[in-house]
Amino acid sequence: MNIQNRLENIPTQVKQALQPSFIFLINEDIIQHFPIRRWQAGQILAEIQRQLGPNYESSSWHNYLICWNAQKTKLLIIPRYQTITSLKKEFDSH
């Protein structure tokens with residue numbers, strides 16, 4: 001399934017729960033979220049690489065940053081940011 005289809009098939013309850021205080025991890029068979037309230041930009045970038053590896057791709061979906069691994073088996077939604085550029089810009093400013 002392509003990324004767009006996976007995003008459109010996310011349950012309504014999950015879409016309604018998207019908040020800047022969390023990262024949402026969407027695997028092929030499970031959706032998880034975990035808090036990032038006090039995380040700095042560098043911690044979020046490190047978590048993206050930990051979850052997806054160094055060769056991930058990113059885009060924006062409904063003004064949320066989304067990232068996925070090369071195999072397209074894992075998808076992260078990061079509502080705090082709109083793009084990977086905005087996340088990296090915040091990291092670079094510290």
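The model shown is predicted, which means the values in this text are computed figures rather than measured ones. No hydrogens, no waters, no symmetry mates; every other heavy atom, side chains included, goes into these values.
- A side-chain hydrogen bond (donor to acceptor under 3.5 Å, both in side chains) check over residues 20-39, counting only residues at least two apart or in different chains, returns nothing.
- Side-chain contact check for I26 versus K74: every heavy-atom pair is 4.5 Å or farther apart.
- Taking the side chain to side chain donor-acceptor pair (under 3.5 Å) definition, one finds that S60 meets it with nothing, sequence neighbours left out.
- Taken together through direct or relayed side-chain contacts under 4.5 Å among Ile, Leu, Val, Met, Phe, Trp and Tyr, V14 and I3 form part of one hydrophobic cluster.
- For CZ of F22, the number of neighbouring non-hydrogen atoms (other residues, nucleotides, ligands) closer than 6.0 Å is greater than 12.
- Side-chain contact check for L45 versus K88: some heavy-atom pair is nearer than 4.5 Å.
- In terms of the side chain to side chain donor-acceptor pair (under 3.5 Å) criterion, residue partners of Q4 (sequence neighbours excluded) are, by chain and number, E8.
- One hydrophobic cluster, built from ILVMFWY side chains closer than 4.5 Å, cannot hold both I31 and L65; they sit in different ones.
- Rounding to the nearest 0.5 angstrom, the gap separating the CD atom in E57 from the NZ atom in K72 is 6.0 Å.
- Connection of L87 to L76 is established within a shared hydrophobic cluster, with ILVMFWY side chains joined at heavy-atom distances below 4.5 Å, either directly or through further cluster members.
- With values rounded to the nearest 0.5 angstrom, I66 atom CD1 is found 5.0 Å from S59 atom OG.
- Put simply, CD1 on I10 and CD1 on I77 are 3.5 Å apart, with the number rounded to the nearest 0.5 Å.
- Checked against side chain to side chain donor-acceptor pair (under 3.5 Å), Y81 has the following partners two or more places apart in sequence or in another chain: E90.
- The side-chain contact (heavy atoms from CB on, under 4.5 Å) test applied to T85 returns T83, not counting sequence neighbours.
- Within the structure, salt bridge (Lys or Arg N to Asp or Glu O under 4.0 Å) pairs that include any residue of residues 39-51 comprise E47-R50 (at least two apart or interchain).
- With rounding to the nearest 0.5 Å, the separation of CG in L25 from SG in C67 is 11.5 Å.
- Across all their heavy atoms, P20 and R80 have their closest contact at O-NE, 3.5 Å.
- A heavy-atom distance below 4.5 Å is found between the side chains of I48 and I78.
- Counting non-hydrogen atoms of other residues, nucleotides and ligands closer than 6.0 Å to NZ of K15 gives a total above 12.
- Using a 4.5 Å heavy-atom cutoff, the side chains of Q43 and I36 are not in contact.
- Evaluation of the ring pair (Phe, Tyr, Trp, His ring centres under 6.0 Å) test over residues 42-76, restricted to residues two or more places apart or in two chains, returns none.
- Between L52 and L75, the closest side-chain pair of non-hydrogen atoms is not below 4.5 Å.
- Checked against side chain to side chain donor-acceptor pair (under 3.5 Å), Q71 has the following partners two or more places apart in sequence or in another chain: N69.
- Considering only heavy atoms from C-beta on, L18 comes within 4.5 Å of F24 through its side chain.
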